[in-house]
Amino acid sequence: MEHPVFTRIMAEGFMPFGWFASQPGDRVPDGAGLVLLIGNAGPGMFRRFARERDPARDSLDDWCRAVIDPLAQGLGARALYPFDKPPLPFLTWAQQAGCGHASPLGLNIHPTYGLWHAFRAALSFEADPGLPPMSRSPHPCETCIGRPCLTACPVDAFTGESYRIDDCVRHIASSAGEDCMLHGCLARRACPVGRNYRYRDQQVTFHMHAFRRAHME
Ligand code: B12
Ligand code: SF4
Ligand code: SF4
């Protein structure tokens, strides 16, 4: 799909995932308007972050703000972030935007990128930028044979209804959790959708360390 807004977003290393016309009840700060979700899928964003990151801080969130705020401003939009507090409902917005479905892991599953994507911002537009209609795709989990994501975790952290964070963190803090730390969550890796977009080890290790650090502080 082509549009000048998408071209500008992709030139910065991000992907436009989906968009929706928000209503007052959608918890979009400062009211209704068109909301476009952008994030990372494929190597573009992390490659750029790895080049530009400040080793003293090494914060992906700070880097995203520094890159996305001016991008949003240039597009006549305001950037909202998944790390804003209190959390904005990005996963609910993803479903409204038609760019995925709730997987049994709780993560959004995208029809092309599977579980290998994350949201970096929502661009809330002051004036409608005239994006093409968003096409919706079927839920891949509904036809998934055996749902391997639910049985791949060595400590059964995913029940299908919840995610036992403490069991996961205990495992990845032990030597038995080295595989998850070096190559990524086994449950995510078990999913057949979007396998070609699996994060490379450098990106996986960066996220796993950030996650473990946040839970062991
Ligand atoms: C708090 C948080 C966490 C917490 C707690 C998560 C939890 N399961 O309770 C911790 C720190 C543990 C965590 C961990 C991770 N997180 Co997290 N997290 C968030 C954060 C900041 C807020 C979530 C929240 O509280 N929302 C509040 C409510 C109001 O939002 P909502 O969209 O309306 O609610 C939806 C969710 O609650 C979802 N949901 C939550 N749990 C479950 C469980 C099941 C079974 C289902 C079906 C749905 C579901 O259902 C709602 C409707 O869809 C979001 C960013 C954001 N702003 O959304 C990232 C976010 C959800 N996390 C993300 C990721 C990638 C991870 C990790 C994989 C990190 C890593 N290691 O790389 C892990 C594993 C997460 C997992 N399997 O659940 C991504 C998910 C991307 C995607 N593809 O969906 C997000 C969106 C951030 C981003 N930048 O994209 N996370
Ligand atoms: S393994 Fe199957 S059920 Fe699990 S997230 Fe992937 S498609 Fe959905
Ligand atoms: S990172 Fe490892 S321990 Fe944690 S949920 Fe994924 S597979 Fe389980």
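Ligands are counted one by one from 1 in listed order, and the atoms in each one are counted from 1 as well. Numbering starts at 1 and runs along the sequence shown.
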- Protein residue, atom and distance nearest to atom 20 (C) of ligand 1, heavy-atom basis: P82 O, 4.7 Å
- Check each atom of ligand 1 against the heavy atoms of A118 and keep those under 4.0 Å away; list them by number with element. 90 (O)
- Message: Using a strict threshold of under 4.0 Å (side-chain N to carboxylate O), is an ion pair present between R189 and D179?
- Response: yes
- Query: Closest non-hydrogen protein atom to atom 63 (C) of ligand 1, residue and atom name please, with distance?
  - Reply: L107 CD2, 4.2 Å
- Query: Between A190 and ligand 2, which part of the residue brings a heavy atom under 4.0 Å of the ligand: side chain, backbone, both or neither?
  - Reply: neither
- Message: Need the ligand 3 atom indices (1-based, order shown) with element for anything under 4.0 Å from a heavy-atom of F158.
- Response: 5 (S)
- Query: So which heavy atom in the protein is nearest atom 46 (C) of ligand 1, and how far is it from that ligand atom?
  - Reply: G106 CA, 3.5 Å
- Message: Give me the residue, atom name and distance of the protein heavy atom closest to atom 51 (C) of ligand 1.
- Response: T92 OG1, 4.3 Å
- Assert yes or no for the condition that the ring centre distance of F119 to Y81 is strictly below 6.0 Å. no
- Note on the structure: Restricting to heavy atoms, the pick from C168, A152, C153 nearest atom 4 (Fe) of ligand 3 would be C168
- Query: In the protein, what heavy atom is nearest to atom 7 (S) of ligand 3, and what distance, to one decimal place, separates them?
  - Reply: L186 N, 3.3 Å
- Message: Does only the side chain of E161 get under 4.0 Å from ligand 1, or the backbone, or both, or neither? Count heavy atoms.
- Response: backbone
- Task: Could you check R47 against R200 for side-chain contact (heavy atoms from CB on, under 4.5 Å), going step by step and ending with a plain yes or no?
- Result: CA-CA 10 Å; R47 205 179 274 154; R200 307 222 168 112; 3.6 Å; yes
- Return a yes/no value: protein heavy atom under 4.0 Å from atom 57 (N) of ligand 1? yes
- Message: For the 3.5 Å polar cut-off, considering only N or O atoms, please tell me whether G160 and ligand 1 meet it.
- Response: no
- Message: Any salt bridge linking R65 with D84? Criterion: basic side-chain nitrogen under 4.0 Å from a carboxylate oxygen.
- Response: yes
- Message: Give me the residue, atom name and distance of the protein heavy atom closest to atom 2 (Fe) of ligand 2.
- Response: C144 SG, 2.3 Å
- Note on the structure: Quick note on ligand 3: atoms under 4.0 Å from a heavy atom of C180 include exactly 1 (S), 2 (Fe), 7 (S)
- Message: Under 3.5 Å, is there a donor on one side chain and an acceptor on the other for D201 and H183?
- Response: yes
- Sub-4.0 Å atoms of ligand 1 with respect to non-hydrogen atoms of Q95: 53 (O)
- Item | Any protein heavy atom nearer than 4.0 Å to atom 88 (C) of ligand 1 | yes
- Task: Under 4.0 Å, heavy atoms only, figure out whether ligand 1 is touched by the backbone of Y163, its side chain, both or neither.
- Result: side chain
- Message: Are the side chains of S103 and C141 in contact, using a 4.5 Å heavy-atom criterion?
- Response: yes
- When you measure from atom 6 (Fe) of ligand 2 to every protein heavy atom, which one gives the shortest distance, and what is it? C191 SG, 2.4 Å
- Query: To which of C149, G106, G114 does the heavy atom nearest atom 1 (S) of ligand 2 belong?
  - Reply: C149
- Does R48 pair with E52 as a salt bridge, N-O distance under 4.0 Å? yes
- Task: Looking only at distances, please establish whether an N/O atom of ligand 1 is found under 3.5 Å from an N/O atom of H215.
- Result: no
- Near M208, which atoms of ligand 3 are under 4.0 Å from a heavy atom of that residue? 1 (S)
- Per-atom contacts of ligand 1 with H207, taking only distances under 4.0 Å to non-hydrogen atoms: 72 (O)
- Message: Please report whether atom 53 (O) of ligand 1 has a protein non-hydrogen atom at a separation of less than 4.0 Å.
- Response: yes
- Protein heavy atom at shortest distance from atom 36 (C) of ligand 1: L91 CD1, 3.9 Å
- Item | Proximity to ligand 1 by part of F119, non-hydrogen separation under 4.0 Å | both
- Examine F211 together with H207 and report whether their ring centres are nearer than 6.0 Å. no
- Going through the distances and angles, do Y199 and N40 end up as a side-chain contact (heavy atoms from CB on, under 4.5 Å)? CA-CA 10 Å; Y199 295 169; N40 63 280; 3.1 Å; yes
- When distances are taken from atom 13 (C) of ligand 1, the protein heavy atom at minimum range is F211 CE1, 4.3 Å
- Message: With a heavy-atom distance limit of 4.0 Å, tell me whether A94 approaches ligand 1 through its side chain, its backbone, both, or neither.
- Response: neither
- Item | Sub-4.0 Å heavy-atom contact, P154 with ligand 3 | yes
- Query: Any idea which atoms of ligand 1 are less than 4.0 Å away from a heavy-atom of P89?
  - Reply: 30 (O), 31 (P), 32 (O), 33 (O)
- Between the side chains of Y113 and N108, does any donor sit under 3.5 Å from an acceptor? no
- Close N or O approach (N108, ligand 1; < 3.5 Å): yes
- Item | Within-cutoff protein neighbour (heavy atom, under 4.0 Å) for atom 81 (C) of ligand 1 | yes
- Apply salt bridge (charged side-chain N to carboxylate O under 4.0 Å, His left out) to the pair D167 and R170, showing each step before the final yes or no. CA-CA 5 Å; D167 291 350; R170 213 173 295 119; 3.2 Å; yes
- Test item: F20 and Q95 side chains (from C-beta on) under 4.5 Å apart, heavy atoms: no
- Task: Would you kindly specify which portion of R27 sits under 4.0 Å from ligand 1, judged on non-hydrogen atoms: side chain, backbone, both or neither?
- Result: side chain
- For A210, is the nearest heavy atom under 4.0 Å from an atom of ligand 1? no
- Query: At under 4.0 Å between heavy atoms, which part of L88 makes contact with ligand 1: side chain, backbone, both or neither?
  - Reply: backbone
- Message: Starting from atom 6 (C) of ligand 1, what is the nearest protein heavy atom, named by residue and atom, and what distance separates them?
- Response: I165 CD1, 4.6 Å
- Message: Heavy atoms only, cut-off 4.0 Å: how does P104 contact ligand 1, side chain, backbone, both, or neither?
- Response: backbone
- Going by the 4.0 angstrom heavy-atom rule, the piece of W93 near ligand 1 is neither
- Consider only side-chain heavy atoms of I, L, V, M, F, W and Y, link residues closer than 4.5 Å, and tell whether V193 and F158 are in one cluster. yes
- atom 1 (C) of ligand 1 protein-contacted (non-hydrogen atom, under 4.0 angstrom): no
- Shortest heavy-atom approach to atom 8 (Fe) of ligand 2 - which of G194, P140, C141: C141
- Message: Determine whether any protein heavy atom is located less than 4.0 Å from atom 17 (Co) of ligand 1.
- Response: no
- Below 4.0 angstrom from a heavy atom of H171, which ligand 3 atoms are there? Numbered from 1 as shown, please. 3 (S)
- Any protein heavy atom < 4.0 Å from atom 43 (C) of ligand 1: yes
- Residue and atom name of the nearest protein heavy atom (relative to atom 24 (C) of ligand 1), distance in Å to one decimal: P87 CB, 4.1 Å
- Let me see the working for M134 and C99 under side-chain contact (heavy atoms from CB on, under 4.5 Å), right down to the final yes or no. CA-CA 8 Å; M134 189 60 205; C99 59; 4.3 Å; yes
- Query: Under 4.0 Å from any heavy atom of P148, which atoms of ligand 2 are there?
  - Reply: 1 (S)
- Message: What verdict does the side-chain contact (heavy atoms from CB on, under 4.5 Å) test give for M10 and F6, after you've listed the backbone C-alpha separation in whole Å, the side-chain angles of each residue and the deciding distance to 0.1 Å?
- Response: CA-CA 6 Å; M10 290 191 283; F6 301 156; 4.1 Å; yes
